[in-house]
Amino acid sequence: MAQKPSVPRGTRDFSPAEMLRRNYIFDIIRRTFSIYGYLPLETPAMENLSTLLGKYGEEGDRLIFRILNSGDFLSGLEPSALAGADSASLASRFSEKGLRYDLTVPFARYVVQHRDEISFPFRRYQIQPVWRADKPQKGRYREFFQCDADVIGSDSLLNEFELIRIIDRVFSELKINVLINVNNRKILAGIAATAGAGDRITDITVAIDKLEKLGSEGVRQELLQRGITPDVIRRLDPFLSLRGSAEEKMTGLKREIAASQEGLKGISEMEELFSYLGMEPSQARVELDLSLARGLNYYTGTIIEVKAADMAIGSICGGGRYDDLTGIFGLPGVSGVGVSFGADRIYDVMLHLGLFPEQTGASTEALVINFGRDELPEQIKITAALREAGIATELFPDAVRLKKQFSYADAQHIPLVIIAGSEEIKASQATVRNMKTGKQTTVSLSALPEFISEAKNR
RNA sequence: GUGGUUGUAGCUCAGUUGGUUAGAGCGCCAGAUUGUGGCUCUGGAGGUCGCCGGUUCGACCCCGGUCUUCCACCCCA
């Protein structure tokens, strides 16, 4: 064999067995989105770079896959321009399209572009792959599927509430134990402002986000490294040590950030959200986590993150509210909120914890044995009759040894095998073998579809 | 993007301080069983030891590069 073929780094093939399991996940997510009134939408794999760039922060821009322009993009270029050697500015002459990095920004673009056709609030769901030029690791791929549900054109916290209901329902149907953490960007802004460093909110939140991992001393170090003054860090201290239930934390917070309008707004939003959550309790624990800062640059209010309780693989679902994403595309004043399920990580979690049901999705229910030319007309008829009755049926394409045909049924986990050789056909009968029990039953051809239907329901 | 790590049969992995024909288990194929899978027994096929180059009389083993895997940082689903 010549050089073995392969797929690019960080991308994968999905075998039929894997696809059946993946579809099990997608089906549950899709069904749940649909029950909450979300409508399907798809957008192109590639977007103009002007749509993508500047939406995800500096790091995000770096991770966008760029598509080379078609044609001879070097033709108009002065050799001296190449000597200038600024690859970033040169790149804009070679490339004006990129692969989508998430589903939220293309959605915002869609909403602005089609605003006249949309009645608000607009709820859409979208299940498609996204691409990131990250260095792959376990649970981190360069091509992966996101399952997004967003509502745009409504400020109501009821949307947040329902999205958390969706998260809870999806994961309880998938049998994954999760922790749902929520926080609010306005609270984080209020904390930064109270500490006297409102302009350093990004550095402060990124550091605070590492509280769980580094501990409070580690966070102080991180803050120092990011150039936050010891003075400010000292004033941040009370926030790092807030404990207790959501209510208790918020009571403490209200005292601390009373001077920040924005912070108080954030707290009242969270109070409203938690009051809704009290009306319809979740199966999963929903916690107010003041150290939660994750999320893309564009989040402005609620932020949500979901982690698997029984496996460390990073977040498997995340989301939040963005007040001005459409503003960047020329439609200001429209707020949206959404969540995104990471199908690939959910798959990894379920595989690791053995949570997939034994039979995931469709596969062949009956195999008709091929005996050769003389019996073939009858076998074709049998196959057709079974399919007509809604039974997933295969006719073995080659008249090879029975041993081979039975091994195939065994390997494919086909539960029933239909044997209709010359003997059976003469008597207008067929023998049905149950591959699990080994039990064989002879039935008349006319009663066969009904017999199989009953057999498969047992 | 920075630093590290991995790569031997379809799969999981042995192996050699550099020395003739590189092994096991599982899987696959064939036979024992010419209309019956899963169990058992017997036999068989399958490897340019990730790729390219270097050192050497000689490289799967040493060196360099490259691709891939995984890990940490970063960031995220």
Side-chain angles (χ1 to χ4, degrees), chain A residues 1-12 15 25 29 56-64 87 101-104 127-148 167 202 206-207 209-210 213-214 222 225-226 293-297 299 303-308 312-320 338-349 367 369-372 375 396 399-425 430-440:
Chain A
M1 187 163 51
Q3 183 77 297
K4 262 189 194 172
S6 64
V7 296
R9 181 176 209 191
T11 67
R12 295 143 315 144
S15 67
I25 296 172
I29 292 175
Y56 309 105
E58 208 177 307
E59 179 75 5
D61 282 357
R62 204 171 53 82
L63 296 178
I64 291 170
S87 53
Y101 178 89
D102 74 353
L103 301 178
T104 309
I127 299 178
Q128 287 190 277
V130 303
W131 294 268
R132 296 185 186 176
D134 221 336
K135 218 172 197 177
Q137 290 182 26
K138 195 178 217 76
R140 168 178 293 190
Y141 307 101
R142 288 183 145 182
E143 177 185 61
F144 59 96
F145 274 70
Q146 290 192 328
C147 314
D148 276 36
I167 290 170
T202 304
V206 167
D209 188 49
K210 295 178 182 172
K213 189 169 167 184
L214 303 177
E222 179 84 21
Q225 248 168 40
R226 287 174 179 269
R294 290 167 170 268
L296 289 322
N297 265 16
Y299 290 137
I303 42 186
I304 303 170
E305 182 181 75
V306 183
K307 283 183 165 172
I313 194 170
S315 63
I316 54 178
C317 179
V339 294
S340 177
F341 290 82
D344 303 80
R345 283 186 181 174
I346 291 172
Y347 180 96
D348 289 345
V349 169
L367 176 74
I369 296 290
N370 185 332
F371 280 92
E375 292 84 359
F396 201 88
V400 294
R401 298 171 299 107
L402 290 208
K403 182 184 167 74
K404 171 79 186 166
Q405 301 193 40
F406 274 87
S407 301
Y408 173 81
D410 195 44
Q412 302 294 313
H413 303 112
I414 298 172
L416 299 169
V417 173
I418 318 298
I419 307 139
S422 53
E423 295 298 306
E424 285 92 344
I425 290 171
T431 301
V432 179
R433 181 179 177 88
N434 180 319
M435 294 296 281
K436 209 163 223 164
T437 62
K439 192 182 164 204
Q440 298 198 169

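Just so we're on the same page: letters track the sequence lines, and every chain starts at 1. Note that this is a predicted model, so its numbers are computed, not measured.
You'll find that the side chain of A:F406 is closest to B:G37, out of B:G37, B:C73, B:U2. Listed nucleotides: B:C74, B:U36, B:G35. Nearest to the side chain of A:Q440: B:U36. Distance from the side chain of A:R345 is smallest to B:A77 among B:C73, B:U69, B:A77. Closest contact between the side chain of A:P136 and the listed nucleotides B:G37, B:A77, B:U69 involves B:U69. For A:D134, taking side-chain heavy atoms from C-beta onward, the closest of the listed nucleotides B:C73, B:G37, B:C75 is B:C75. Nearest to the side-chain atoms of A:I419 among the listed nucleotides B:G35, B:A77, B:A72 stands B:G35. With B:G35, B:A77, B:G37 as the candidates, the nucleotide lying closest to the side chain of A:R401 is B:G35. For A:R62, taking side-chain heavy atoms from C-beta onward, the closest of the listed nucleotides B:G1, B:A72, B:G35 is B:G1. Nearest nucleotide to the side chain of A:R433, out of B:A72, B:G35, B:U36: B:U36.
In terms of phosphate contacts, A:Q137 brings a side-chain nitrogen or oxygen within less than 4.0 Å of OP1 or OP2 of B:A72. Note on A:K210: a side-chain N or O is less than 4.0 Å away from OP1 or OP2 of B:C75.
Counting atom types as modelled, A:Q412 pairs no side-chain N or O with a base atom of B:G37 as donor and acceptor under 3.5 Å.
The residue A:K404 sits close only to the backbone: its heavy atoms come under 4.0 Å of sugar-phosphate atoms, none of a base. Heavy atoms of A:G57 sit nowhere under 4.0 angstrom from any nucleic acid atom. Within 4.0 Å of A:G314, counting heavy atoms only, lies no atom of the nucleic acid at all. Backbone-only engagement by A:Q146 is indicated by non-hydrogen atom pairs under 4.0 Å involving sugar-phosphate atoms exclusively. Nucleic acid contact for A:Y141: base, since at least one base atom lies under 4.0 Å from a heavy atom of the residue. Across all strands shown, A:K213 has heavy atoms under 4.0 Å from sugar-phosphate atoms exclusively, and none from any base. The residue A:E375 sits apart from the nucleic acid: no heavy atom pair falls under 4.0 Å. Counting non-hydrogen atoms under 4.0 angstrom, A:V206 reaches the backbone sugars and phosphates but no base. Base contact: A:G139 has a heavy atom under 4.0 Å from a base atom. When heavy atoms are screened at a 4.0 angstrom cut-off, A:G10 is found touching the sugar-phosphate backbone but no base atom.
Spacing between atom CD1 of A:I414 and atom P of B:U36 amounts to 19 Å, rounded to whole angstrom units. When rounded to the nearest whole Å, the span between NZ of A:K439 and P of B:G38 equals 22 Å. The distance between atom CZ of A:R9 and atom P of B:C51, rounded to the nearest whole Å, is 19 Å. Rounded to whole Å, atom P of B:U36 lies 15 Å from atom CG of A:L367. Between the CG atom of A:L103 and the C1' atom of B:C76 there is a distance of 14 Å, given to the nearest Å. A:E222 has its CD atom 11 Å from the P atom of B:C73, to the nearest Å. Counting to the nearest Å, the C1' atom of B:A77 and the CG atom of A:D148 are 10 Å from each other. Between the CD atom of A:Q405 and the C1' atom of B:U34 there is a distance of 14 Å, rounded to whole Å.
A:L367 has its side chain out of reach of A:Q412: every pair of non-hydrogen atoms, C-beta onward, lies at least 4.5 Å apart. Contact check for A:F341 versus A:C317: side-chain heavy atoms found under the 4.5 Å cut-off.
The pair A:E222-A:R226 meets the salt-bridge criterion, since a charged nitrogen lies less than 4.0 angstrom from a carboxylate oxygen.
Distance noted for atom C1' between B:U2 and B:G10: 37 Å (whole Å). Rounded to a whole angstrom, the distance from the C1' atom of B:U6 to that of B:U69 is 6 Å. For B:G7 and B:C51, the C1' atoms lie 11 Å apart once the distance is rounded to whole Å. Annotation: B:G54 and B:C60 have their P atoms spaced 14 Å apart (nearest Å). For the P atoms, the distance linking B:G35 with B:A24 amounts to 33 Å, nearest Å. Atom P of B:C28 sits at a distance of 40 Å from the matching atom of B:C63, rounded to the whole Å. Comparing B:G23 with B:G15, their C1' atoms sit 7 Å apart, to the nearest whole Å. Comparing B:A45 with B:U36, their P atoms sit 28 Å apart, to the nearest whole Å.
Pairing each heavy atom of A:I414 with each of A:M435, the nearest pair is O-CG, 3.5 Å. Shortest non-hydrogen contact noted between A:G438 and A:R433 is O-NH1, 3.5 Å. Across A:S315 and A:E305, no two heavy atoms sit closer than the pair CB-CG, 3.5 Å. In terms of heavy-atom proximity, A:A409 sits nearest to A:V417 at CB-CG2, 3.7 Å. Smallest separation of non-hydrogen atoms from A:D148 and A:L103: OD2-CB, 3.6 Å.
A stacking contact links A:F144 to B:A77: the aromatic ring centre lies within less than 5.5 Å of the base's six-membered ring centre, and the planes differ by less than 30°.
Taking the nucleotide of RNA chain B with the nearest heavy atom to each of A:E423 and A:R140, the more 5' of the two is matched to A:E423.
Shown here, B:A30 forms a base pair with B:U42; the pair counts as Watson-Crick or G-U wobble because both key distances fall under 3.5 Å.
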